[in-house]
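Written below as structure tokens is the structure these notes are about.
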Amino acid sequence: MSAAVRLRSTVSEAVGGLPRAFWWLWTSTLVNRLGGFVVTFLALYLTGDRGFSPAYAGLVASLFGLGSAIAAVAGGVLADRWGRRPTLLVAQLGTAVSTAVLGFCQDRAAIAVTAFLVGLASNASRPAVSAIIADLVPAEHRVRAYSLNYWAINIGFGVSAAVAGLIAAHGYLALFLLDAASTLACAVVVFARVPESRPDRPSAPSGAADGPVPAEPGAGLGTVFRDGRFMALVAVNLLLAVVAQQGSTTLAVDMGLAGISAARYGLVIGLNGVLIVVLQLPLTRAMEGRGRTGLLVASALLTGWGFGLTALAGGSAGFYAFTVAVWTIGEIMAAPTMMGLVAELSPARARGRYQGVYSLSWSLASFVGPAAGGYLLEHAGGRAVWGACAVFGTVAAGAFLLLGRRPAAAPADALPAEAAPSAELSRS
């Protein structure tokens, strides 16, 4: 079989059999991420262009993360109560406005407050998107669907990171405005083509006022937080997410201190997206039939030690690029595996809440990670930051091993019709 035939076969198997609405959601994600400049370059903008300290840049990134953390839970609740589509549209419009405003902010306090608002608006869409995919796509295809959505995110990220470095050389304001415009375009696609997918809810009592239907008994946030196995996964993911956050904050500052330009940083960090674009589909296919525990353990080690190797980079952009390649492979392995597992553990009528709490781990990491990384970098040096990343990755790998040997159990208050499915980590 020729290489071209094999490639067509791989692509056909990867993209076939998914509903049309999923592909419109995929398109909206791609459009949004093609203009996703601001978060990637925010730390470099604050330290390089505005002359603020690494500690202040870390503080601003942490406030962005704090907004994201609040939005993770609130967005999940709204996606279940109001619907996936309206939550997504309001979040995207809010993101566009706040991102544009951030580009014009000059005062230190105004920058910090607006960054918080950007985080609040942007992350409210995340649980809704994940819940829509779980609603639309049959269980046997969800890991593939999440992988494809993650692929779209990184196609956009790879292109935007490389292009943004060149645009930034002529001024940063254009980055903020282009980011806002792409988010508006994303909202237009969702409004025009993505249907509401929330599962049917019980009818409101006769004579009840119109409005959101109250959450059913057993489907509230308490269900999520009392699900011990799920919350353990969230805690381990938080550990790895703190490590991953160093790629968009501390790594930029560290490379700047090493004398590497914004344009080179853009190319190096853009390698992350390029590799995901190239490797996501073949690696996802290769992971089929593999034990979940082994995949998560390997991904944790690659992520932690990939960042750990940054301590040896010195002033070499090439070595920085090598470390990015190592932790990117860990990221490719972890993302669809974890998202599929979260969807499997989630009762249908509480998918928004489960996805929101899972998203909360990333949001808390974006709050804790930049501040901790910036502080360590300023007061203890890069070796302390990257050594801590290696330790965290190793601890996370050990935790996945322990969770893989622990039998699954249904939440105490799981909905009677939706008892928790079997979700052993070792299951492929």
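A quick note: this is a predicted structure, and the numbers were derived from the prediction, not measured. Both backbone and side-chain heavy atoms feed into the values below; hydrogens, waters and symmetry mates do not.
- Between Ala110 and Cys105, the shortest heavy-atom contact is O-SG, 3.9 Å.
- Formation of a donor-acceptor pair under 3.5 Å by the Thr394 side chain with backbone atoms of Ala390 is found in this model.
- For Arg351, the side-chain contact (heavy atoms from CB on, under 4.5 Å) partners at least two apart in sequence or on another chain are Arg84, Ala131, Ala134, Asp135, Arg142, Ser346, Ala348.
- Annotation: the span from Leu360 atom CG to Ser68 atom OG amounts to 10.0 Å, rounded to 0.5 Å.
- Put simply, the side chain of Arg144 does not reach to within 4.5 Å of the side chain of Val137, judged on heavy atoms.
- Heavy atoms from other residues, nucleotides or ligands lying under 6.0 Å from OH of Tyr172 number more than 12.
- Listed for the Ser130 side chain is no donor-acceptor partner under 3.5 Å among the backbone atoms of Pro127.
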Check against side chain to side chain contact (heavy atoms under 4.5 Å, CB included), Phe392 and Leu240: CA-CA 7 Å; Phe392 279 18; Leu240 285 175; over 6 Å; no
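- Between Leu251 and Val268, the closest side-chain pair of non-hydrogen atoms is not below 4.5 Å.
- Here the closest heavy-atom approach between residue Ala72 and residue Asn123 is recorded as CB-ND2, 3.6 Å.
- Under the 3.5 Å distance criterion, the side-chain polar atoms of Thr114 are left unmatched by any main-chain donor or acceptor of Ile111.
- At a threshold of 4.5 Å between non-hydrogen side-chain atoms, the residues Trp327 and Asn272 count as touching.
- A distance-only check finds no donor-acceptor pair linking the side chain of Arg50 to the backbone of Tyr45 [under 3.5 Å].
- Rounding to the nearest 0.5 Å gives a distance of 9.5 Å between OG1 of Thr47 and CG of Leu42.
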Residues Leu403, Leu296; criterion side chain to side chain contact (heavy atoms under 4.5 Å, CB included); working and verdict: CA-CA 11 Å; Leu403 286 170; Leu296 292 175; over 6 Å; no
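- Side-chain contact check for Ile155 versus Arg33: every heavy-atom pair is 4.5 Å or farther apart.
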Criterion side chain to side chain contact (heavy atoms under 4.5 Å, CB included) on Arg353 and Val77, from CA distance to verdict: CA-CA 5 Å; Arg353 291 169 172 84; Val77 172; 4.2 Å; yes
Which atom pairs, donor and acceptor, lie under 3.5 Å between side-chain atoms of residues 174-194 and protein residues at least two apart or in another chain?
| from | atom 1 | to | atom 2 | distance (Å) |
| --- | --- | --- | --- | --- |
| Asp179 | OD2 | Phe37 | N | 3.2 |
| Asp179 | OD2 | Val38 | N | 3.1 |
| Ser182 | OG | Asn32 | O | 3.3 |
| Ser182 | OG | Asp179 | O | 2.9 |
| Thr183 | OG1 | Asn32 | OD1 | 3.2 |
| Thr183 | OG1 | Asp179 | O | 3.0 |

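- Every side chain to side chain donor-acceptor pair (under 3.5 Å) that Gln246 has, sequence neighbours left out, goes to Thr250.
- Of the inter-residue distances, the one linking Ile153 atom CD1 with Tyr146 atom OH reads 11.5 Å to the nearest 0.5 angstrom.
- In this structure, Trp26 places its CH2 atom where more than 12 heavy-atom neighbours from other residues, nucleotides or ligands lie under 6.0 Å away.
- Side-chain contact between Val129 and Leu25 is present, with at least one heavy-atom pair separated by less than 4.5 Å.
- In this structure, Thr310 contributes its side chain and Phe307 its backbone to a donor-acceptor pair below 3.5 Å.
- Leu279 CG to Glu331 CD: the interatomic distance, rounded to the nearest 0.5 Å, is 11.5 Å.
- Of all the heavy atoms in Ser125 and Ala91, the pair that sits closest is N-CB, 3.7 Å.
- A tilted orientation is assigned to the rings of Phe230 and Tyr354, their planes being inclined by 30° to 60°.
- For the pair Leu102/Phe64, no side-chain contact is recorded, criterion being any heavy-atom separation below 4.5 Å from C-beta on.
- Taking OG1 of Thr328 as the reference point, atom CG of Leu283 lies at 11.0 Å (rounded to 0.5 Å).
- Residues Gly304 and Val243 share a closest heavy-atom pair of CA-CG1, 4.4 Å.
- The aromatic rings of Phe52 and Tyr56 sit tilted, their planes meeting at an angle between 30° and 60°.
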Chi angles and distances behind the side chain to side chain contact (heavy atoms under 4.5 Å, CB included) call for Ile133, Phe22: CA-CA 7 Å; Ile133 294 174; Phe22 166 79; 4.2 Å; yes
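- The side-chain heavy atoms of Ser147 and Met339, taken from C-beta on, include no pair separated by under 4.5 Å.
- Contact of the Met333 side chain with the Thr337 side chain is not registered, since no non-hydrogen atoms from C-beta on lie closer than 4.5 Å.
- Shortest non-hydrogen contact noted between Leu63 and Ala112 is CD1-CB, 3.5 Å.
- For Arg264, the CZ atom counts as loosely surrounded, since its 6.0 Å shell holds 12 or fewer non-hydrogen atoms of other residues, nucleotides or ligands.
- Nearest heavy-atom pair, Ala121 versus Gly94, reported as atom, atom and distance to 0.1 Å: CB-C, 3.6 Å.
- A distance of 8.5 Å separates OG of Ser98 from CG of Leu120, quoted to the nearest 0.5 Å.
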